[in-house]
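I have placed the structure first, in the form of structure tokens, so that the comments after it can refer back to it.
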Number of protein chains: 4
Amino acid sequence: MRGIWGKNIILSIFGESHGSAIGIVIGGLPPGLSLDFELINRELARRAPGWNNLTSQRRERDEIEILSGYFNNRTTGTPLCGIIRNKDSKPEDYKEIKNLIRPGHGDYTGHIKYKGFNDYRGGGHFSGRLTAPIVFGGAIAKQILMKRNIAIGSHIKSILDIEDRSFNKISVEEELILDLAARHFPVLDEDQGRKMEKIISQVRKEGDSVGGTIETAIINVPVGLGEPFFHSVESRLSQMMFSIPSVKAIEFGIGFDMGNAKGSQVKDEYIIKDGKIKTLENHNGGIVGGLSNGMPIIFTIALKPTPSIGLTQKTVNIESMEEVEINIKGRHDPCILPRAIPVVEGGTALVILDLLIEMEGRSWMN
Amino acid sequence: MRGIWGKNIILSIFGESHGSAIGIVIGGLPPGLSLDFELINRELARRAPGWNNLTSQRRERDEIEILSGYFNNRTTGTPLCGIIRNKDSKPEDYKEIKNLIRPGHGDYTGHIKYKGFNDYRGGGHFSGRLTAPIVFGGAIAKQILMKRNIAIGSHIKSILDIEDRSFNKISVEEELILDLAARHFPVLDEDQGRKMEKIISQVRKEGDSVGGTIETAIINVPVGLGEPFFHSVESRLSQMMFSIPSVKAIEFGIGFDMGNAKGSQVKDEYIIKDGKIKTLENHNGGIVGGLSNGMPIIFTIALKPTPSIGLTQKTVNIESMEEVEINIKGRHDPCILPRAIPVVEGGTALVILDLLIEMEGRSWMN
Amino acid sequence: MRGIWGKNIILSIFGESHGSAIGIVIGGLPPGLSLDFELINRELARRAPGWNNLTSQRRERDEIEILSGYFNNRTTGTPLCGIIRNKDSKPEDYKEIKNLIRPGHGDYTGHIKYKGFNDYRGGGHFSGRLTAPIVFGGAIAKQILMKRNIAIGSHIKSILDIEDRSFNKISVEEELILDLAARHFPVLDEDQGRKMEKIISQVRKEGDSVGGTIETAIINVPVGLGEPFFHSVESRLSQMMFSIPSVKAIEFGIGFDMGNAKGSQVKDEYIIKDGKIKTLENHNGGIVGGLSNGMPIIFTIALKPTPSIGLTQKTVNIESMEEVEINIKGRHDPCILPRAIPVVEGGTALVILDLLIEMEGRSWMN
Amino acid sequence: MRGIWGKNIILSIFGESHGSAIGIVIGGLPPGLSLDFELINRELARRAPGWNNLTSQRRERDEIEILSGYFNNRTTGTPLCGIIRNKDSKPEDYKEIKNLIRPGHGDYTGHIKYKGFNDYRGGGHFSGRLTAPIVFGGAIAKQILMKRNIAIGSHIKSILDIEDRSFNKISVEEELILDLAARHFPVLDEDQGRKMEKIISQVRKEGDSVGGTIETAIINVPVGLGEPFFHSVESRLSQMMFSIPSVKAIEFGIGFDMGNAKGSQVKDEYIIKDGKIKTLENHNGGIVGGLSNGMPIIFTIALKPTPSIGLTQKTVNIESMEEVEINIKGRHDPCILPRAIPVVEGGTALVILDLLIEMEGRSWMN
């Protein structure tokens, strides 16, 4: 609790959007790992704002300063702390709306929970900015998982009613994953992708925002990760996904379509392929009985439209307890999905790594 | 991990479907509580099989024997252990299919994880039967939450394409919740409920099964439960829900429809009502910034059709590594939803209680 | 918290001395382990009362009934629950002193903590009887550690002013350990042992009791167990030892004598012996920087005299808040040390196993 | 694990002695607390080296930079991160002995555990310098506990054979505690204190070092803190104390003297005093049945002499695996006790605060 996550890889995240710095302490990394800063910076850049006109215009390169746990370009095995200074913050943007709780954000709930002492500027500790440390940790986890050929890739599955096609649940090529991972706006069908970008641009002009869904695949996961109760792969992944601001739904495999099906329609029968047990189909998204079954793990999440929109909204002045109107200024994302993807993938990598160490110990990491 | 859940209320569950007993140890209960066995038995009966022709015909009244933590009809405050003996087990039903891994169950993943030593009979530790202890613990949590007027109710929202109407997200009456909680087949629209029952009966005759969705509401939750990261209310509830066998998806508020919306369409503006801050609508399902906002918490889960169906399926003999066919016998549920509801509600009660103690301490429980 | 211990091996203990049963749930055991019931029963017998005239005359063979996690004489890898029924309890012994808090026991602190609802009979959940489940779990841990030749042995180091000689800190023979482990009253110097037994007999006649110290050695522990902060080997062992009723002090290596020494007198210089790095002496008791260094881990604990003595003592009636006198009846141990030894060793085994899995994973256990 | 401690107050510490910075993340602090920097700096100064000729001559004022969780001079309730930059490090002091494992330090065990990748300079993550963050967190905990009049004080009880007198176990005055807390070399008997200082000076000239014992008292602790098993007050305090480098022993109340006593000699009978239940004596050091009983909690720890001494010692070159000799240079403490005291007290404050929140919740902190 309280900003702490994990069992074998332990994260402690801290910081506020417009405070001095944000950061993360990561315990449980193997000693001797030379961090792949190209990967780390690519992932941080994917999450950073300002890379094109589809995102918030806050321009801030998230630069990691490592304070501990790294010596002679190798992890030491003791806790690694990385921080990112907040440079381009313009807290004055938020001053005038200090007491006006922004609908859809954590302003109100945070105000009550923290008795009015929370840093309200830009959401403070509730800000999506706090996901940058998760991306950092996630990039390290991705690097480690590569040793096992475990790869994680995502694409934007839908924005409004524009739908990308889905992953082939039986088989997701590593090549495809690596290709997606290098992109700022990953889709499987480029035509649909262009339509999505067009809608986002349009919505931005309207001062509105738009939600969507992201589909993620994890390949080459060994059989048996997870626990039957409380710590199923679905439990662990969903816990992480719902730490990402704006995520409101998750489904594994065909998910909600399971509720619309007969057992005879969604059975995942077993076959032997190349000497290994596989399922003929993969309605369950690679997880059965809470454990990974060796098939691609596939899940989809839905993110809500950024609640910061240009339209006037009703709200309450929390100090005076009066109903008022609010116009949210500042530099906001019309669509958070592209920037959310490295967070989704990084969080996923951390979960899979934590579960893998649980099952197989640590020696394979060295 | 390893069958353990919770921080302030701690559960440890154990047992196998056809072993000697299943049970639970619950730590963190307040001392001096006189357990409401009527409530406990009602909840256990709702989960038990055999109550009508829509469920498995295994007739087993789940009778709790309390081994510890209860003295002179009061909780002592020390760990409470309750066990349920397995009486009507017919393990011979499973002998002949020992090495035939049943599609869609935890047989294969469990076999690999536990290196072939898991109790394969009826799913063993993976069995839905292990949810009975959660129902027991959940009934106690429900009883405690009543002191705060926090009530939890559910209804079957859909089975195949038959849909019940939804909860009114702005306001769910306590009366309605209590009414639903007393029923074996809770729906809001009785006509739709009858259609659902008809479909289940029909599917049972076909030797098939059917999935569906359950909508759950929690009312009178104070503002501020949860944590911004890793332990959001959504994180905690989804972790628990994905501990329930067959659950494959969850959404909070309008969930996946968020992905299909513009920000201007799904804003939850604030107003003052009866001197309190409320939202005008409740697309977020009572959770914003990961914390409860005082509105009804509303979520929907999807359950897959029971994978044990009467049809012949392809599978693999895990011993001989040959492709074979399997016909699953035994007494199975054509639709698990009615029996899953007390588990969903009990698990929900445990999560809310754990978070409430985190925020408000323990003194209110006495 | 709340009766839960461990990270990789997780214990949940429950029960009251005169309730229905006491027990333990053990998570994290490897699958496929055939339990050594001879070892388990030997350890339980060493802890059980009534084996000779030096202990409480409550005669109760602690018989483990395994409820889960064991199938076809093998652990399944899922949580193993073992219970021990309370048979020879004579709760009426305690009735008349219900409100008279016994000096030195948990009666008063438990009464306040649990608001008067704790099971006061024989100490209830505070009873030393609750250590039987730890002995059970500890015997399993001992069995597993044998695969690595890690052995744990103890002897009574002193009772009153009668002192046994100490372990040779540089080298403790496995043979010696195994010999000690088979005994009810283990000492290194038999003559001193006889004097101790004589003193205990005498004290028993006086209606008094007597404390003492126990020295424990763990051999063949690999280098590197533990963590530098919060989870040092000393931290973990001491946490466990102070869970054993009556333990009031612990020292590692020469312990308190460190405070009486100059650095030049207690240096543990390194040498190479048989190709391995060893220390020339072992003042640090096998733990340096919080981590095991490959030398025998040696620690000594002090246990207080059983506070239940035949003499009249001053106390308070907690109901009427009057000062009164108390005469404690019942069957008590004049010296708890012999019965504490299997608890000390079992608890130690659990700690070492938990730390070993942390460092080396689980595969070596199969 | 892995640098994480606590349940209700959660610490995550990181850093290496000669790296970029050391620091701590503290979760679970109440919102709205204005930190008492005078207290914080006093405590840090007590721990810092160089304050007189009895300590290491490394002169480094430990200056805390707060990165998060503090806004408008108040805690926000979200994780507070404080870091201390390493300024006066002279890592070249350590280069020449890189492969020479210093006897008595964590060099060897750390080298093996972290496969040679640990930062060896000045002990790296094993350095006593890592206790500065604990002192910082502990000072905050002390400040919070003041709201309940819970005060913690210590004195040097012995150095070599020079003994200070002991606390009066029945009653320790708050005034005395506050007086001790303001001192760099706290003792009860000034004459004995001067003798101790003289011995330390002398030992320093000899290039030797010296150990000793510290006695700590905690007053005004409410009845009922702790848990009967695994989380007794003794378990929690000892776990923390053995996180402090050099601590090798701990005893509660009369501790080891319990082993030398008859029950009739060390009984803590109950009486009523000022309408409250008290014990007539306090052999148990304020903890019975693992729980606090309202009497002063009193414990004594032993610290070993600093292993870095000027004498030539035998050791091993870990690279070449040859036996060699080592002369440890650098600026070392002839006696670590004075600097350890704020760590002992800070760690104690954190433990008591964590247990107090567990029992009484958080509302009293605001």
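Naming convention: chains lettered A, B, ... in sequence-line order (proteins, then strands); numbering from 1 in each chain.
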Flag the one option from [options] with the top tally of heavy-atom pairs under 4.5 Å to chain C.
options: D:E322, D:M240, D:K157, D:M321; answer: D:M321
options: D:G104, D:G207, D:A261, D:G310; answer: D:A261
options: D:I309, D:L311, D:N284, D:T213; answer: D:N284
options: D:S235, D:G285, D:G253; answer: D:S235
options: D:P307, D:G106, D:G6; answer: D:G106
options: D:F256, D:F299, D:F252; answer: D:F256

Between [options], who has the most heavy-atom pairs with chain D when the cutoff is under 4.5 Å?
options: C:D268, C:I112, C:I250; answer: C:I250
options: C:S238, C:G255, C:A302, C:G224; answer: C:S238
options: C:L303, C:I277, C:N293; answer: C:I277
options: C:V247, C:V223, C:V210; answer: C:V223
options: C:G290, C:G226, C:G110, C:G275; answer: C:G226
options: C:S292, C:G289, C:S264, C:S308; answer: C:S264

Can you tell me if [X] uses its side chain to pair, donor with acceptor, with the backbone of [Y] under 3.5 Å?
X: D:E269; Y: C:K314; answer: yes
X: C:N317; Y: C:S320; answer: yes
X: D:H283; Y: D:I254; answer: no
X: D:T306; Y: D:D333; answer: yes

If the threshold is 4.0 Å, N to carboxylate O, is there a salt bridge linking [X] and [Y]?
X: C:E234; Y: D:K248; result: yes
X: D:R129; Y: D:E16; result: no
X: D:D107; Y: D:R102; result: yes

By a 4.5 Å heavy-atom criterion (distance strictly below it), what part of [X] contacts chain C: side chain, backbone, both, or neither?
X: D:L280; result: side chain
X: D:V203; result: side chain
X: D:H125; result: both

**OP:** With a 4.5 angstrom heavy-atom cut-off, could you sort out which part of C:I134 is near chain D: side chain, backbone, both or neither?
**Re:**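 When you check distances to chain D, only side chain atoms of C:I134 fall under 4.5 Å.
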**OP:** For atom CD of C:E319, decide whether the heavy atoms of other residues, nucleotides or ligands shown that lie under 6.0 angstrom number more than 12.
**Re:** no
**OP:** Please state whether the rings of D:F230 and C:W5 are parallel, tilted or perpendicular, taking 30° and 60° as the class boundaries.
**Re:**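 Answer is tilted, since the angle falls between 30° and 60°.
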Subject >> Trace of the side chain to side chain contact (heavy atoms under 4.5 Å, CB included) decision for D:I298 with D:E215 >> reply: CA-CA 7 Å; D:I298 291 181; D:E215 188 185 39; 3.6 Å; yes
